[in-house]
Amino acid sequence: AKAMEREDTKSGNVLARVLEWVWQQLTPPEQDALGHCALFHGGFSSEAAEDVIDLSGHSPAPSEHEVVRSLRARGLVAGEDLHLEMHPSVRLFALRKLDASRQLDAAATRHAARTLRVGRSASTELERTGSRDALRRLQLETGNLLAVLERTLAVAPPTAVSATQALEAVQCLAPAVDASGPFELGLGWMDAAIGAAGKLPIDKRLRAEILLARGRLRRARGDVKGSTGDLYDAHDIATVGDDRAFESAVLTEVGLTLQAKGKHEEGRKAHEQALTLARLVKDDRREGQALFHLGGLHDAAGKVPAAQSAFQDAAAAFARCGARRSEGAVFAAFGAMLQQHGDLDAARGVLEKALAIHQEVRDRTLEGATVGRLASVAMEAGQYDAGRELFLRAIQMQAERGDRRSEAALRGHLGILEHLDGKVEDSRTSLVKAIWMLGDLGDLHVEGLYLAFLAGLVSSLGTLDTGAESFDLAKR
């Protein structure tokens, strides 16, 4: 082992000497440009590099484009104009040289400004339309956004500038986390940024945007209490600032959180308030969101004509503003309603149309939910093999995203399918896993339903005492 360590050290020393020799062959502008490019995490375009490179300290100053071409010719930067990259060892070496030259802070400021500008553009488009291209662009910037977040969080003590940039980086990342997860990491980023902001004089709307995003993720993770606190804090900021469009967005999330707590009537009132505000400011996207959730509540209450009307109006509102992602969500809800009323073939057709849209815009959240819904349609149709395959696929997707509530519900439904298919032991295993997860999340309502089903299952196996205990727990 010691011999291997000595060999690794020797190899590292050789590489360092080679890189130092290469560095000495570069012109001063090339040295600066290489250090500036080293700030990028992952791939970057020639245009992005030119935004960050600053050669104004040289006379005469060469063009940034020509210097990047020279670095490519020397093999220090690889790729084509639209996708350049640096070897990790070259990047680390260049970063150290940049730090030693005392240019790091200024270059990092340019890198942050460029990254946040591009990130804001992509995240706004993703949130507004669900564009697959916007998600791809945002995912390409994830490494740079995290680099900005890491640098700004390292400022001690935090300043208003560093905390603002940390919040802005998280704000850019939030739509990608909503669409694809992982929720746990996203919550960690938000917690860190909000903690850094503390009582500093930060833009109130920006702080509220992060509270809204964190409240949404907390609800998805099963933390309804934490979600409620964040959303009401965001609502307080919105009402003080008289920002009606943003208040509408917050009220929609409040409504969903109230529904998660079983307070459906209060949730309906919140969505109606959101709808009124959205129409007042003529915000089609917010209007569509409020109508969409009201349609779901009408459906749950058995008010089918009202639900159909709300879904149709929601689809029209989303079509007016080009919100493709949300359009898919409406189709998914409509398909679920058709399933509820027994029209399984029509439901499958509408749900497959919704699934195609979710995959088009790469929304893993809605894709996982729709795959789960297709699984339940297959189960009701008696297509158990197809249903099991779809349930397992949906469970894996929700587990990867960190949505434990949805994963638990899917495992419970899988257990029911396995029971119907005569696979009793598999059914018990799935139900016990679902019950354990729901208990951990504090979802007593759904946990009780699965306990009741498990009780019937174990009683049918002759384990009467265990069945009685399960029935007693379900009743409580």
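Computed from heavy atoms alone, side chains included, the values below leave out hydrogens, waters and symmetry copies.
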Lys/Arg N to Asp/Glu carboxylate O, [X] vs [Y], below 4.0 Å:
{"X": "R401", "Y": "E407", "result": "no"}
{"X": "D51", "Y": "R110", "result": "no"}
{"X": "R393", "Y": "E389", "result": "no"}
{"X": "E20", "Y": "K97", "result": "yes"}
{"X": "D99", "Y": "R96", "result": "no"}

Between [atom1] of [X] and [atom2] of [Y], what distance do you get to the nearest 0.5 Å?
{"X": "Q139", "Y": "L145", "atom1": "CD", "atom2": "CG", "answer": "12.0 Å"}
{"X": "H358", "Y": "F331", "atom1": "NE2", "atom2": "CZ", "answer": "10.0 Å"}
{"X": "R364", "Y": "M397", "atom1": "CZ", "atom2": "CE", "answer": "4.0 Å"}
{"X": "I237", "Y": "E209", "atom1": "CD1", "atom2": "CD", "answer": "10.0 Å"}
{"X": "L275", "Y": "D283", "atom1": "CG", "atom2": "CG", "answer": "11.0 Å"}
{"X": "E360", "Y": "R324", "atom1": "CD", "atom2": "CZ", "answer": "4.5 Å"}

List the atom pairs, with distances to 0.1 Å, where a side-chain N or O of residues 155-168 and a protein N or O form a donor-acceptor pair under 3.5 Å, not counting sequence neighbours.
residue	atom	partner	partner atom	Å
T159	OG1	V161	N	3.4
T159	OG1	S162	N	3.0
T159	OG1	S162	OG	3.2
S162	OG	T159	N	2.9
S162	OG	T159	O	3.1
T164	OG1	A160	O	2.7

Quick one: does [X]'s side chain have a donor or acceptor within less than 3.5 Å of a partner on [Y]'s backbone?
{"X": "R120", "Y": "Q171", "value": "no"}
{"X": "T142", "Y": "L138", "value": "yes"}
{"X": "T239", "Y": "D236", "value": "yes"}
{"X": "N144", "Y": "H41", "value": "yes"}
{"X": "R91", "Y": "A38", "value": "yes"}

Closest contact, heavy atoms only, [X] versus [Y]:
{"X": "G119", "Y": "C172", "value": "C-SG, 3.5 Å"}
{"X": "A220", "Y": "F183", "value": "CB-CE1, 3.2 Å"}
{"X": "F246", "Y": "A238", "value": "CD2-CB, 3.6 Å"}
{"X": "T370", "Y": "L351", "value": "CG2-O, 3.5 Å"}
{"X": "V177", "Y": "P182", "value": "CG1-O, 3.8 Å"}
{"X": "L84", "Y": "S45", "value": "CD1-C, 4.1 Å"}

Report task. Show your reasoning for whether side-chain contact (heavy atoms from CB on, under 4.5 Å) applies to L39 and L104. Result -> CA-CA 9 Å; L39 286 164; L104 179 58; 3.9 Å; yes
Hey, does [Y] have a side-chain heavy atom less than 4.5 Å from the side chain of [X]?
{"X": "L392", "Y": "L414", "value": "yes"}
{"X": "F40", "Y": "V52", "value": "yes"}
{"X": "L76", "Y": "E30", "value": "no"}
{"X": "H264", "Y": "L297", "value": "yes"}
{"X": "V77", "Y": "E85", "value": "no"}
{"X": "F93", "Y": "L15", "value": "no"}
{"X": "V67", "Y": "H58", "value": "no"}
{"X": "R348", "Y": "L374", "value": "yes"}

If you draw a 6.0 Å radius around [atom1] in [X], do more than 12 non-hydrogen atoms from other residues or ligands fall strictly inside?
{"X": "Q25", "atom1": "CD", "value": "yes"}
{"X": "E47", "atom1": "CD", "value": "no"}
{"X": "R244", "atom1": "CZ", "value": "no"}
{"X": "L185", "atom1": "CG", "value": "yes"}

Report task. On the 0 to 90° scale, with breaks at 30° and 60°, tag the F311-F292 ring pair as parallel, tilted or perpendicular. Result -> tilted
Query raised in the report: With R268, which of E272, E266, H271 fulfils side-chain hydrogen bond (donor to acceptor under 3.5 Å, both in side chains)?
Result: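 The passing option is E272.
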Requested in this report: Let me see the working for L34 and Q31 under side-chain contact (heavy atoms from CB on, under 4.5 Å), right down to the final yes or no.
Outcome: CA-CA 5 Å; L34 187 65; Q31 291 176 346; 6.0 Å; no
Query raised in the report: Tell me the side-chain hydrogen bond (donor to acceptor under 3.5 Å, both in side chains) pairs involving residues 146-156, sequence neighbours left out?
Result: H111-R151
**Report entry** Where at least one partner belongs to residues 246-257, residue pairs that pass side-chain hydrogen bond (donor to acceptor under 3.5 Å, both in side chains), sequence neighbours excluded
**Finding:** R219-E253, R219-T257, S227-T257, H235-E247
**Report entry** Verdict with supporting geometry, R72 and D81, side-chain contact (heavy atoms from CB on, under 4.5 Å)
**Finding:** CA-CA 10 Å; R72 289 168 60 188; D81 282 347; 2.6 Å; yes
Report task. Evaluate the criterion side-chain hydrogen bond (donor to acceptor under 3.5 Å, both in side chains) for residue pair S123 and E127; output intermediate values, then yes/no. Result -> CA-CA 6 Å; S123 64; E127 191 175 19; over 6 Å; no
Query - S376: partners by side chain to side chain donor-acceptor pair (under 3.5 Å), with sequence neighbours left out - result: Q339
Query raised in the report: Among R404, R218, R221, which one satisfies salt bridge (Lys or Arg N to Asp or Glu O under 4.0 Å) with E184?
Result: R221
Report summary line: Here the salt bridge (charged side-chain N to carboxylate O under 4.0 Å, His left out) pairs for residues 58-67, sequence neighbours left out, are E66-R69
List the atom pairs, with distances to 0.1 Å, where a side-chain N or O of residues 312-321 and a protein N or O form a donor-acceptor pair under 3.5 Å, not counting sequence neighbours.
residue	atom	partner	partner atom	Å
R320	NE	D284	OD1	3.3
R320	NH2	D284	OD1	3.3

Requested in this report: Check the pair L231, L212 against side-chain contact (heavy atoms from CB on, under 4.5 Å), reporting the backbone distance first and the verdict last.
Outcome: CA-CA 6 Å; L231 294 174; L212 173 62; 3.6 Å; yes
Query raised in the report: What's the verdict on salt bridge (charged side-chain N to carboxylate O under 4.0 Å, His left out) for R114 and E141, showing C-alpha distance, side-chain angles and the deciding distance?
Result: CA-CA 11 Å; R114 178 260 164 205; E141 291 299 328; 2.9 Å; yes
